[in-house]
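Here is the structure we will look at, set down as structure tokens.
The chains referred to below are lettered A, B, ... by the order of the sequence lines, with proteins before strands, and numbering in each begins at 1.
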Number of protein chains: 2
Amino acid sequence: MRIGQLAEATGTTTKTLRFYEESGLLPPAERMASGYRDYTDDAVGMVGFIHRGQAAGLTLAQIGQILRIRGHGQAPCSHVRNLLGGRLRELDAQIAELLVLRETISQLHAQAAEPEPDTCTANEVCRYI
Amino acid sequence: MRIGQLAEATGTTTKTLRFYEESGLLPPAERMASGYRDYTDDAVGMVGFIHRGQAAGLTLAQIGQILRIRGHGQAPCSHVRNLLGGRLRELDAQIAELLVLRETISQLHAQAAEPEPDTCTANEVCRYI
DNA sequence: TTTGACCTTCCACTGTACTGGAAGGTTCAT
DNA sequence: ATGAACCTTCCAGTACAGTGGAAGGTCAAA
């Protein structure tokens with residue numbers, strides 16, 4: 001399979017696939033006599049995995065780790081479980097932070113409801129922030 | 001006030017203050033005979049405003065808009081209110097997305113609890129993702 | 001006078017995940 | 001034979017908010 005067909009099959013672009021190879025996410029593809037990359041069907045699964053990993057909020061670097069462990073013939077299960085656990089803790093922290101921020105902004109927004117107040121003092125930038 | 005003193009007073013670095021000036025957030029500072037930047041007390045308020053704006057999740061570009069409106073002698077109130085409203089909508093969307101993601105990852109993590117299953121098939125990267 | 005702290009500009013780099021474009025080679029249909 | 005569609009490499013740039021470092025100028029104290 002040529003790179004354009006793989007891109008089509010996985011819903012991405014040839015640019016991105018070359019970028020994944022260069023970044024060590026995909027193993028270097030075999031080449032045809034012409035120099036064109038020649039992918040096996042495995043590649044479709046790997047690119048699909050990259051997309052699912054991204055949807056799970058993993059970085060390309062983390063996805064690359066899993067892919068390389070798998071590439072060495074090992075099962076990456078415990079590594080994956082650790083990554084997911086870490087991601088879960090990050091998400092909880094991030095959500096908590098955003099909820100606090102939402103409260104803050106909501107209050108600022110409500111305060112800014114009064115139009116163009118005369119109570120602005122010249123030496124402050126904005127009464128509301 | 002020299003740049004180092006302003007940095008000290010506002011809890012930032014001289015690098016960052018020059019970066020703010022270059023980015024159009026702070027107006028170009030007056031210069032002493034030596035060429036050193038010479039800040040007035042206003043600058044402390046502006047840098048404080050930048051920090052509060054960042055804490056409210058505004059980008060430097062948005063903060064810069066407010067600062068420049070204020071710099072033209074106008075009250076940026078309605079603009080600020082619009083920005084805060086937009087930010088609020090973004091936050092709500094972002095929080096909703098993260099909650100969905102948290103659910104997904106939580107399930108994947110729970111599924112990955114069984115250690116090193118024999119149910120992995122050779123042609124998939126990872127049973128769990 | 002010389003040391004050290006401070007300041008200046010300029011250029012390049014960080015991390016993340018790509019994207020754009022130039023210059024050239026290959027394959028296939030007409 | 002020629003044009004379109006595809007492929008190759010390499011270089012450079014995007015957004016964001018800075019950070020690092022080099023080479024040199026300024027100022028106060030010892």
Side-chain angles (χ1 to χ4, degrees), chain A residues 1-26 28-40 43 46-67 83 86-87 90-91 94 97 101, chain B residues 1-26 28-40 43 46-67 83 86-87 90-91 94 97 101:
Chain A
M1 193 187 329
R2 285 180 316 186
I3 195 167
Q5 296 169 309
L6 178 58
E8 175 97 358
T10 57
T12 185
T13 66
T14 59
K15 277 278 188 198
T16 299
L17 292 174
R18 287 190 204 99
F19 170 75
Y20 285 166
E21 179 178 313
E22 201 198 343
S23 311
L25 283 160
L26 297 177
E30 298 295 302
R31 298 301 178 119
M32 305 178 189
S34 59
Y36 287 10
R37 285 175 180 78
D38 191 8
Y39 291 97
T40 59
M46 288 196 223
V47 176
F49 177 76
I50 294 173
H51 289 154
R52 290 192 303 281
Q54 286 191 301
L58 300 180
T59 65
L60 290 188
Q62 293 173 324
I63 295 168
Q65 279 175 12
I66 302 174
L67 248 7
L83 282 179
R87 189 73 193 106
E90 278 170 28
L91 270 179
Q94 205 181 340
E97 236 177 76
L101 182 55
Chain B
M1 190 186 335
R2 287 180 315 184
I3 196 168
Q5 296 169 310
L6 178 58
E8 175 97 359
T10 56
T12 185
T13 67
T14 59
K15 278 280 189 197
T16 298
L17 292 174
R18 289 190 203 99
F19 169 75
Y20 286 165
E21 179 177 312
E22 202 198 342
S23 311
L25 284 161
L26 297 177
E30 298 294 302
R31 299 299 179 120
M32 305 178 189
S34 59
Y36 288 9
R37 285 174 180 78
D38 191 8
Y39 290 97
T40 59
M46 287 196 224
V47 176
F49 177 76
I50 294 173
H51 289 153
R52 289 192 303 281
Q54 287 191 299
L58 301 179
T59 65
L60 289 188
Q62 292 173 324
I63 296 168
Q65 279 175 13
I66 302 173
L67 248 7
L83 283 178
R87 190 72 194 106
E90 279 170 28
L91 270 178
Q94 205 181 341
E97 235 177 76
L101 182 54

Write down the distance between [atom1] ([X]) and [atom2] ([N]), rounded to a whole number of angstrom.
| X | N | atom1 | atom2 | result |
| --- | --- | --- | --- | --- |
| L25(A) | dA17(C) | CG | P | 9 Å |
| L26(A) | dC18(C) | CG | C1' | 14 Å |
| Q5(B) | dC7(C) | CD | P | 7 Å |
| E22(A) | dT16(C) | CD | P | 15 Å |
| E30(A) | dC7(D) | CD | P | 17 Å |
| E21(B) | dA17(D) | CD | C1' | 17 Å |
| R37(B) | dT8(C) | CZ | C1' | 8 Å |
| L58(B) | dA15(D) | CG | C1' | 17 Å |

Any [X] side-chain nitrogen or oxygen under 4.0 Å from OP1 or OP2 of [N]:
| X | N | result |
| --- | --- | --- |
| S34(B) | dG25(D) | no |
| R18(A) | dT8(D) | yes |
| T13(B) | dT19(D) | yes |
| Q54(B) | dG18(D) | yes |
| R31(A) | dT9(D) | yes |
| Y36(A) | dG25(C) | no |

message: Distance check, rounded to the nearest 0.5 Å: L25(A) atom CG versus T16(A) atom OG1?
response: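 That separation rounds to 11.5 Å.
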
field: Spatial distance of atom OG1 (T10(A)) from atom CE (M46(A)) [nearest 0.5 Å]
entry: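 The CE atom of M46(A) is 12.5 Å from OG1 of T10(A), to the nearest 0.5 Å.
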
query: Out of dT19(D), dA17(C), dT8(C), which has the shortest distance to the side chain of F19(B)?
result: dT19(D)

- request: With the side chain of R2(B) defined as its heavy atoms from C-beta on, choose the nearest nucleotide among dG18(D), dC6(C), dT8(D).
  value: dC6(C)

field: Sugar-phosphate, base or nothing in reach of T59(B), heavy atoms under 4.0 Å
entry: sugar-phosphate

message: Check whether D38(A) reaches the backbone of M1(A) with its side chain - one donor and one acceptor, N or O, closer than 3.5 Å.
response: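 Present.
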
field: Neighbour count above 12 (heavy atom, 6.0 Å) for Q54(B) CD
entry: yes

- request: Would you sort out whether R18(A) and E21(A) count as a salt bridge (Lys or Arg N to Asp or Glu O under 4.0 Å), showing the intermediate values?
  value: CA-CA 5 Å; R18(A) 287 190 204 99; E21(A) 179 178 313; over 6 Å; no

message: Quick check on DNA chain D: between K15(A) and A33(B), whose nearest nucleotide comes earlier from the 5' end?
response: K15(A)

